[in-house]
Every structure is written in structure tokens, then in C-alpha cells.
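Worksheet for the structure shown next.
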Amino acid sequence: MSLIEKTALEIRELQNNGSVTAEEIAKQFLSQVKTHDGQIKAFLHIDPENILDQAKKIDEKRKQGKALGALAGIPVAIKDVLCCRGVPTTCGSKMLQNFVPPYDAFVIDRLKKADAILFGKTNMDEFAMGSSTENSAYFTTRNPWDTTRIPGGSSGGSAAAVAACEAPLALGTDTGGSIRQPAGLCGIVGIKPTYGRVSRFGLIAFASSLDQVGPFTHDVADAALLMEVISGHDAKDSTCVNVPVPSYLAQLDQPIKNLTIGVAKEFFGEGLDSEVESSIRSALKVYQSMGATIKEISLPHSKYSVAVYYLVATAEASSNLARYDGMHYGHRTAQKKDLISAYSNSRGEGFGKEVQRRIMLGSYALSSGYKDAYYLKALKVRRLIKNDFDKAFADCDVILGPTSPTAAFKIGEKADNPLAMYLSDIYTISCNLAGIAGMSIPCGFTKGGLPIGLQILAAPFEEEKMLRVARMFEKQTEYHQRRPKL
Amino acid sequence: MDIRDIRKVARLARLEMSEAELETMTRQLTSILNYVDQLQELDTSNVEPLAHPLPLQNVFRPDVPGESLSVEEALRNAPVRAGQFFAVPAVLDPADDLSH
């Protein structure tokens with residue numbers, strides 16, 4: 001029986017009723033990786049022997065009648081920004097080419113406790129800075145629906161791994177859209193949880209007030225399952241909020257009664273591809289047919305979100321990435337001069353172009369004489385963006401719109417134009433600035449066969465409602481069941 | 001913004017760049033800064049800056065000693081080590097020019 005196209009919950013059921021073992025599951029996904037990852041290039045590091053060992057241990061545990069976790073025997077691919085003890089963690093950078101973390105990220109610890117199979121580290125834009133994986137120091141991942149196109153980014157490797165059925169589940173991180181955008185472009189489900197819902201401990205920091213870890217899955221039920229495993233309080237992250245984690249699966253199939261959907265006119269403006277727009281409009285009709293009310297709303301400051309983001313995120317990055325000085329870990333230059341040159345050469349050699357560009361922009365925005373005009377101004381507009389959402393959520397349950405303005409673009413198309421690349425995140429960024437919850441689900445395909453993502457935004461800690469709204473659409477459609485022909 | 005500003009920021013950020021890289025950086029950052037200048041059209045005189053999405057103050061926990069990394073584990077990723085220590089270029093060597 002072929003398992004690779006199945007969801008994690010289906011695979012779990014087959015395991016529970018004795019139809020398959022964890023070892024068989026691992027072998028099938030490893031075989032899919034072996035056959036197709038040469039073309040897709042989702043993985044930076046994968047250790048088949050270790051994966052089979054993990055699987056055998058789960059089978060042994062089951063045989064002995066021991067209690068098993070929620071993800072027992074299920075492979076989960078991990079974005080290479082998350083520290084795994086004893087496993088290379090490069091962050092897509094030459095700077096950390098030889099870095100092997102001595103500890104596990106909180107979410108990795110949770111996966112282990114849930115008996116999941118840690119299934120390799122996935123490619124990403126260097127330090128999560130990018131929208132295509134073209135900024136990876138190693139290689140560019142391909143979109144499984146069209147290998148001449150990008151899979152999105154920065155978590156492009158995780159998205160491509162799930163879309164290409166190389167793993168049923170994956171983890172990514174989202175600072176300005178880095179889960180939702182690749183999920184949309186690869187035709188799968190991706191969630192950016194509320195800021196503070198999931199611990200950032202062991203997540204290599206890019207922009208600390210924006211970063212969150214979240215799932216990639218084939219469907220909404222699997223996303224609910226993985227959210228239950230990774231959510232929760234962690235004393236090691238002081239920004240991880242101690243609010244109870246509801247069972248996201250328990251009420252998942254219950255539709256939201258009297259659902260009111262906000263549609264922001266700002267998400268349907270210039271730059272939105274007409275095929276994407278008509279797909280989103282059709283999705284709204286599906287909700288209307290289920291009795292939902294569509295309410296036109298306005299997020300008047302959302303047009304400033306890219307500008308705010310590229311000041312706030314780069315300012316935080318310039319500070320976070322100051323730790324890479326080539327002294328305690330990471331790349332150290334072979335040039336032997338004074339200490340300052342040792343820092344500058346190590347950083348100049350270890351960081352790629354986009355990372356250097358963002359460190360420069362952030363350092364400039366924070367430098368004496370410019371801080372008020374740039375950084376502080378951006379923080380004030382950030383407040384206005386958050387206020388827009390607070391006002392909108394007073395009148396509606398969720399906000400729906402496109403995840404990205406276009407379907408997946410060609411490799412190389414935007415590589416030399418940083419600003420054009422930044423604008424591909426125009427609909428996802430405001431969610432991170434405001435700290436609210438967001439997700440992308442598949443809602444259609446272009447005539448050329450490329451997936452289109454529907455973005456669902458919800459108020460802080462309303463993941464349960466957001467997932468139920470997503471599930472309502474999924475039950476009426478079949479887009480989430482399609483798999484690319486590799 | 002001109003190449004002198006960029007050279008200064010590169011020095012502050014400890015990034016070694018060639019002249020050609022500094023020129024490209026000047027061009028690209030100028031274009032990005034022109035784009036972000038649209039923020040200036042908003043009147044934000046009565047707006048409190050928002051540095052963080054959560055209304056967090058200090059978060060405290062009990063001061064209980066826990067497990068730490070062993071010296072071996074802590075040194076495992078060191079680019080250069082000397083016995084039980086990280087080896088780094090001389091910090092206070094009088095021959096070094098640390099004025100810049």
C-alpha cells in the first residue's frame with residue numbers, strides 16, 4: 001500500500017490498526033526522497049540510517065504495549081533554522097556550515113515527546129531572509145508543481161517536501177510570510193500562529209518580535225494535529241504566552257455559526273493577478289453558500305506594511321546577527337590581522353548578499369541621526385497597522401484574502417531586484433507586525449496548473465476558530481487532495 | 001545616502017566589503033530607502049511606538065540552578081580552541097590598531 005500521498009492522520013490510523021509499521025512508513029518516504037529529491041532539492045541534510053533507527057524504536061515501543069505519542073511513527077521534516085541536538089543546523093548559511101547544536105529547540109523536544117520521526121533538515125533562504133529559497137547558500141529548491149519555478153520562501157524546502165510527498169508533515173518559521181507564502185505557492189496548508197503561541201527557544205533568531213514556528217501539512221486536520229503538539233508555554237522563551245492550548249481537533253468539524261468574513265479592499269488592489277483574484281472570489285462564494293456573511297472592511301495602513309517591515313525586521317536582524325563574529329562558533333576567516341578585521345572578514349565571508357543587505361539596512365535605520373526618522377517612525381506605523389486589525393476583528397470573525405499577489409514565479413525572475421522580491425510578501429507581512437494568527441489553504445489552480453493560496457487571518461489566540469473556518473472550505477472542495485505529478 | 005555613509009555603516013556592522021560591493025549596496029539601499037520614505041506622509045505625532053505585539057513587562061521565574069552544557073559540549077563548535085578555552089585573536093595586543 002502506498003502511503004506517501006496520505007495525510008498524517010490517515011497514516012496514524014493505519015499504524016494503529018496494525019496495517020503498517022513505523023519502519024515501513026519511514027522506508028516509503030525515504031524512497032520518495034531518494035527518487036525525487038535530486039530534482040526537488042527540498043533537503044539540506046537527511047540521515048536515512050538514523051531515521052530507520054528512530055522508526056524501529058517506535059515499533060519496539062508499540063510491540064511492548066507502551067503508550068505512544070500523538071505523532072508516533074510520523075515523519076516530520078524540519079526547517080534548518082531549528083536547532084536539533086547533534087544534527088547539522090546551517091540556517092541555509094555558510095556562516096553555520098559546520099554548526100552542530102548542543103541542544104534541541106522547544107518544538108523539537110515536543111516532536112520527540114510525541115514520538116514523531118525527525119525526518120531531515122530542509123532548505124531555506126539564508127537566515128530565513130527571502131521569499132524563494134534563492135538566497136540559500138547551498139541551492140535553490142524547486143516547486144513540485146513546476147520545477148522551473150520557486151517554491152516560495154523562506155521555508156521553501158519544508159513546503160516543497162510536503163507538496164512532493166517526501167514527508168507528510170513539516171515545520172517552518174514565519175517572520176513576514178515565510179510559512180504562508182510557500183504553502184500557498186506549493187498548494188498545501190501552512191500556519192503562522194499568534195505571536196507567543198509557540199516557543200521560539202532554539203529557533204535561530206531573525207526578527208525576534210515577528211518570528212513564529214508553524215506547521216506545513218496536506219490538510220487542515222493535520223495542521224490542527226501538529227499545532228496541538230507544538231503549542232504551549234515554555235519558560236525558556238519569555239515571550240511565549242501562558243494561555244491554555246485548546247484541542248484544535250476536537251471541534252474541528254463543527255462549522256462556525258453566523259460566520260462573518262471580513263474582506264479588506266486593500267488586499268484586492270493593483271498588482272493582484274486576475275487568476276488569483278477570481279480564485280479568491282470563488283472561495284468567498286463557497287463560504288456564502290454555507291451561510292457566511294461577507295463584510296467589506298478597510299485596513300487603511302496595510303499599504304505601509306512592507307515599508308514598516310523592512311525597517312523593523314532588519315533593525316532586529318542587525319542586532320540578532322551581531323552574535324556571528326567567528327569567535328565561539330560559526331565561520332572564522334583565515335585572514336590573520338587584528339581583531340576587528342577578524343570580525344569583519346568572518347562576517348563578510350560567512351554571510352550572503354541578502355543577509356548583508358539587511359544587516360546594513362537595519363544598522364542604518366538604527367544609527368545615530370536616523371533612528372527617529374526610520375526605526376521609530378516604523379514602530380509608530382506598526383501601531384496603526386495593529387489598530388486597524390483590532391478594529392476589524394471587532395466586527396468580523398476572520399479576514400480572508402489572497403496569500404500572495406501571484407502564483408509561483410520563475411527561478412531568477414526577481415533575484416536581482418530586492419524590492420520586487422519584498423513586494424511578493426505584501427499580503428502576509430501585516431499579520432506578523434500585528435502579532436495575529438494567519439494561515440494559507442489551497443483554494444484553486446491557475447490555467448497553467450499552479451496552486452493558489454487563500455489567506456485566513458484571525459485575532460490573537462483564535463487559532464481554534466481559524467482552523468474551523470479553514471475546515472469548512474476544505475470539506476466543500478478537493479484542492480487539498482491534489483498532488484503534483486513528479 | 002552616498003558611498004561614504006555606506007562605508008561607515010559597513011564598518012559599524014563589521015562587514016568587510018569590496019569597493020564594487022559598496023557601490024552596489026549604495027544603489028540598492030538608496031532604492032529601498034526611497035520606497036520606505038512613504039512612511040513620512042503619515043502624521044504619527046500622537047502615536048505610541050509599538051516595539052512588540054504583546055503587552056509584556058518583565059517576566060520572572062524562580063532562580064533555580066539547572067543543568068548547563070559541559071565544557072566539551074560548549075567548545076565543540078569552536079572554530080579554534082586552546083585546551084579548555086576558545087582561542088581568539090589578541091584583543092589587547094599593542095601592535096593592533098584598535099582605534100577604528
Side-chain angles (χ1 to χ4, degrees), chain A residues 98-100 102-103 195-196 209 235 238-239 241 301 304 306-308 310-311 318 322 325-332 336 338-345 347-349 351 356-357 359-361 363-364 367 373-374 376-384 386 418-419 422 433-436 460, chain B residues 1 5-6 8-18 21 24-25 28-29 31-42 44-54 56 58-61 69-70 73-80 86-93 95-98 100:
Chain A
N98 300 311
F99 179 60
V100 179
Y103 64 94
Y195 185 83
S209 81
S238 62
T239 64
V241 182
H301 299 96
Y304 300 105
V306 175
V308 170
Y310 280 95
L311 292 169
S318 73
D325 59 4
M327 296 299 131
H328 301 91
Y329 57 94
H331 173 75
R332 185 186 294 185
K336 287 192 187 350
D338 56 295
L339 182 66
I340 303 292
S341 319
Y343 293 150
S344 302
N345 283 305
R347 291 164 62 79
E349 294 163 15
F351 290 137
Q356 295 197 23
R357 199 150 44 227
I359 291 173
M360 289 289 290
L361 182 55
S363 303
Y364 183 73
S367 65
Y374 290 113
L376 211 59
K377 182 77 183 183
L379 292 184
K380 290 178 175 180
V381 183
R382 183 180 186 181
R383 166 85 60 188
L384 298 175
K386 184 181 184 293
L419 195 53
Y422 297 173
L433 291 169
I436 62 173
Chain B
M1 165 182 274
D5 298 315
I6 291 293
K8 182 182 167 214
V9 176
R11 199 172 66 233
L12 291 172
R14 303 283 186 256
L15 287 169
E16 179 66 32
M17 282 184 218
S18 67
E21 285 170 329
T24 309
M25 192 65 78
Q28 288 174 332
L29 289 197
S31 132
I32 295 168
L33 287 173
N34 286 340
Y35 176 80
V36 304
D37 268 343
Q38 62 176 293
L39 297 181
Q40 304 307 328
E41 73 197 36
L42 284 170
T44 53
S45 42
N46 293 314
V47 181
E48 274 292 300
L50 179 73
H52 209 272
L54 297 170
L56 282 175
N58 283 332
V59 177
F60 296 103
R61 61 179 166 80
L69 292 180
S70 67
E73 282 177 310
L75 282 169
R76 198 161 291 153
N77 286 292
V80 187
F86 293 96
V88 301
V91 177
L92 293 173
D93 188 329
D96 282 350
D97 176 12
L98 298 177
H100 55 282

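Quick note: numbers below take in every heavy atom, side chains included, and nothing from hydrogens, waters or symmetry partners. Every chain is numbered from 1 and lettered A, B, ... according to where its sequence line falls, protein lines coming before strand lines. These figures come from a predicted structure and were not determined experimentally.
Side chains of E21(B) and Q356(A) form no contact here, defined as non-hydrogen atoms less than 4.5 Å apart. Put simply, the side chain of V47(B) does not reach to within 4.5 Å of the side chain of V381(A), judged on heavy atoms. Between Y343(A) and L15(B) the shortest side-chain heavy-atom distance does not fall below 4.5 Å. Between T44(B) and K377(A) there is a side-chain heavy-atom pair separated by less than 4.5 Å.
Nearest heavy atom pair, residue A13(B) against residue S363(A), reads CB-OG, 3.6 Å. Between R382(A) and P53(B), the shortest heavy-atom distance links the atoms NH2-CD, 3.3 Å. For M327(A) against F86(B), the heavy-atom pair with the smallest separation is O-CD2, 3.9 Å. The shortest non-hydrogen separation linking P89(B) to R332(A) is CD-NH1, 4.2 Å. When all heavy atoms of R383(A) and P49(B) are compared, the closest pair comes out as NH2-O, 3.3 Å. Heavy atoms only, all atoms of each residue included: N77(B) and N98(A) are closest at OD1-O, 3.6 Å.
Looking at A434(A), the atoms closer than 4.5 Å to chain B (heavy atoms on both sides) all sit in the backbone: N, CA, C or O. Of the atoms belonging to Y422(A), it is side-chain heavy atoms, and not backbone ones, that fall under 4.5 Å from chain B. Residue contact with chain A, scored on non-hydrogen atoms closer than 4.5 Å, involves the side chain of Q28(B) exclusively. Interface residue S238(A): backbone and side-chain heavy atoms are both found under 4.5 Å from chain B. Contact annotation for N345(A): both backbone and side-chain heavy atoms come within less than 4.5 Å of a heavy atom of chain B. A378(A) touches chain B through backbone and side chain together, each having a heavy atom under 4.5 Å away. If you measure heavy-atom distances from P102(A) to chain B, the contacts under 4.5 Å come from both the backbone and the side chain. Looking at Q40(B), the atoms closer than 4.5 Å to chain A (heavy atoms on both sides) sit in the backbone and in the side chain alike. Contact annotation for L361(A): both backbone and side-chain heavy atoms come within less than 4.5 Å of a heavy atom of chain B.
Taking chain A as the reference chain and counting heavy-atom pairs below 4.5 Å, the highest number among V59(B), N58(B), L75(B), T24(B) is found for V59(B). The candidate from L29(B), I32(B), I6(B), L33(B) with the greatest count of non-hydrogen atom pairs under 4.5 Å with chain A is L33(B). Between chain B and the residues L384(A), L433(A), L376(A), the largest count of heavy-atom pairs under 4.5 Å involves L384(A). Between chain B and the residues G326(A), G348(A), S209(A), the most heavy-atom pairs under 4.5 angstrom are made by S209(A).
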- Message: Using the rule given for side-chain contact (heavy atoms from CB on, under 4.5 Å), can you reason through Y195(A) versus H52(B), listing the C-alpha separation, both sets of side-chain angles and the distance that settles it, and then say yes or no?
- Response: CA-CA 10 Å; Y195(A) 185 83; H52(B) 209 272; 3.2 Å; yes
- Message: Between D37(B) and Y374(A), does the side-chain contact (heavy atoms from CB on, under 4.5 Å) criterion hold? Intermediate values first, please.
- Response: CA-CA 8 Å; D37(B) 268 343; Y374(A) 290 113; 3.9 Å; yes
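Here the straight-line distance linking atom OH of Y310(A) with atom OH of Y35(B) works out to 10.0 Å at 0.5 Å rounding. Rounding to the nearest 0.5 Å gives a distance of 10.5 Å between CG of L39(B) and NE2 of H301(A). Rounding to the nearest 0.5 Å places CD of E41(B) at 3.5 Å from OH of Y304(A). Note that CE of M360(A) is 5.5 Å distant from CE of M25(B), once rounded to the nearest 0.5 Å. Note that the CG atom of L50(B) and the NZ atom of K380(A) stand 12.5 Å from one another [nearest 0.5 Å].
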